[in-house]
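Heads up: the structure comes next, in structure tokens.
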Amino acid sequence: MTGEPATVRGTIAYEVQCPGRALPRTELPWNSDFHLVLVESREQGAVSIEVTCAVSADPVKTQSDADVIAGRIAREISFRFSCPVGRTVCCSSSIPHFDAEGHLNWTVSTSDTSAWRSSAPDYGSPPASAVLGILAAARDMADPRRDVDLELFRSALSSMDPIARFVLLYTTLQEILLRNQDDLDDWICEKYPAVNETIKPQRAPRTRTAKKRAKETGFTRVRNSLGHDRSQPSFGATLDDARRLVQKLQELVVLAISKKYETRIP
């Protein structure tokens with residue numbers, strides 16, 4: 001297959017599991033190496049991400065760079081819609097490149113992604129402008145630190161069990177803010193002044209001289225009750241509290257990420 005480099009385009013197609021979200025067909029120019037990115041929902045909870053590439057000097061690097069683009073888009077979808085999103089899977093690629101003799105060749109691959117499809121309640125279709133904002137954020141806010149924060153959030157939401165999700169979200173909030181539990185409680189109380197606090201249980205004297213909080217938020221109390229054995233006769237009340245607080249904790253993580261990068265949100 002031959003063609004002029006200025007007009008030849010390749011395509012790297014991905015699929016990500018995003019049940020219940022009907023994303024309208026939306027496209028956005030990317031850069032000189034990847035001319036266009038297109039996102040749209042398919043059947044059974046699958047979202048298609050197509051990355052259009054120019055003639056490549058290194059097909060392996062082009063594939064790797066496209067993987068990064070698709071991953072950022074998937075994480076932005078999870079963050080902006082606060083919904084569980086699976087990992088991206090490359091279902092096909094066709095990357096044009098010149099061989100040593102100067103002939104145009106294509107590196108082609110395909111894979112089966114049928115196992116990724118699933119169903120969920122219909123949460124409706126967001127406006128195209130919202131999806132465009134997701135693509136713009138993935139393109140313009142490229143930052144390794146933000147990638148890690150969003151990946152932690154995406155991973156936490158991928159757990160369908162609310163108790164496990166609570167623990168993962170608490171850890172995510174700590175990692176995003178880089179705070180210990182006492183400082184994290186201060187931050188939570190600042191953002192939610194009406195949050196309930198409880199007296200901390202008495203502990204053995206510490207050698208540290210730094211002043212410690214005498215109270216803790218319900219989020220920290222539940223996290224520690226789940227993570228440490230305090231000889232409780234039953235975890236039933238703690239489990240109920242985790243289920244009750246998990247949605248609010250999820251909102252706190254979204255708030256923390258938004259505040260951390262607010263000057264750069266498109």
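Since the model is a prediction, treat every value here as computed from it, not as a measurement. Basis for what follows: all heavy atoms, side chains included, without hydrogens, waters or symmetry-related copies.
When atom types are taken as modelled, the side chain of S111 and the backbone of C90 share a donor-acceptor pair closer than 3.5 angstrom. Between the side chain of S158 and the backbone N or O of S155 there is at least one donor-acceptor pair closer than 3.5 Å. At least one donor-acceptor pair closer than 3.5 Å links the side chain of R165 to the backbone N or O of S159. S41 contributes a side-chain N or O that, together with a main-chain N or O of R21, makes up a donor-acceptor pair within less than 3.5 Å. Using modelled atom types, no side-chain atom of S64 and backbone atom of V60 make a donor-acceptor pair closer than 3.5 Å. Formation of a donor-acceptor pair under 3.5 Å by the S48 side chain with backbone atoms of E40 is not found in this model. The backbone N or O of I12 lies less than 3.5 Å from no partner atom in the side chain of S93, so there is not a single donor-acceptor pair. Side chain of Q174 to main chain of R179: a donor-acceptor pair is present (N/O by atom type, distance under 3.5 Å, no hydrogens or angles).
Cluster annotation: W30 and V51 are assigned to the same hydrophobic cluster (Ile/Leu/Val/Met/Phe/Trp/Tyr, side-chain heavy-atom contacts under 4.5 Å, transitive). Clustering ILVMFWY residues whenever any of their side-chain heavy atoms sit less than 4.5 angstrom apart, transitively, puts L226 in a cluster other than the one holding L168. Both I73 and F34 are part of a single hydrophobic cluster, where members link through side-chain heavy atoms under 4.5 Å apart. Hydrophobic clustering of Ile, Leu, Val, Met, Phe, Trp and Tyr side chains at less than 4.5 Å, counting indirect connections, unites L184 with L252. I69 and L132 fall within a single hydrophobic cluster, where Ile, Leu, Val, Met, Phe, Trp and Tyr side chains are chained together by heavy-atom contacts under 4.5 Å.
To the nearest 0.5 Å, atoms CD1 (I134) and OG (S78) are separated by 10.0 Å. Remark: R243 CZ to D161 CG distance equals 7.5 Å, nearest 0.5 Å. Rounded to the nearest 0.5 angstrom, D241 CG and S225 OG are separated by 8.5 Å.
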Evaluation steps, side chain to side chain contact (heavy atoms under 4.5 Å, CB included), between L157 and F81: CA-CA 11 Å; L157 292 192; F81 295 145; over 6 Å; no
Criterion side chain to side chain contact (heavy atoms under 4.5 Å, CB included) on F153 and V254, from CA distance to verdict: CA-CA 8 Å; F153 184 60; V254 171; 3.6 Å; yes
R146 vs L150, side chain to side chain contact (heavy atoms under 4.5 Å, CB included): CA-CA, chis, key distance, verdict: CA-CA 6 Å; R146 191 170 187 275; L150 293 190; 3.4 Å; yes
Check against side chain to side chain contact (heavy atoms under 4.5 Å, CB included), Y170 and V222: CA-CA 10 Å; Y170 189 95; V222 170; over 6 Å; no
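Not counting sequence neighbours, the partners of D147 by the side-chain hydrogen bond (donor to acceptor under 3.5 Å, both in side chains) test are R72. Legend: residues meeting side-chain hydrogen bond (donor to acceptor under 3.5 Å, both in side chains) with R154, ordered by chain and number and at least two apart, are E151. The side-chain hydrogen bond (donor to acceptor under 3.5 Å, both in side chains) search around D65 returns K61, not counting sequence neighbours.
Between the side chains of Q181 and D185, not a single donor N or O lies within less than 3.5 Å of an accepting N or O. D149 and Y261 are linked by a side-chain donor-acceptor pair at a separation below 3.5 angstrom, with hydrogens and angles left out of the test.
Ion pairing between E50 and R42 holds under the 4.0 Å rule for side-chain N and carboxylate O.
Ring pair F166/F219 is parallel by interplanar angle, where below 30° counts as parallel and above 60° as perpendicular.
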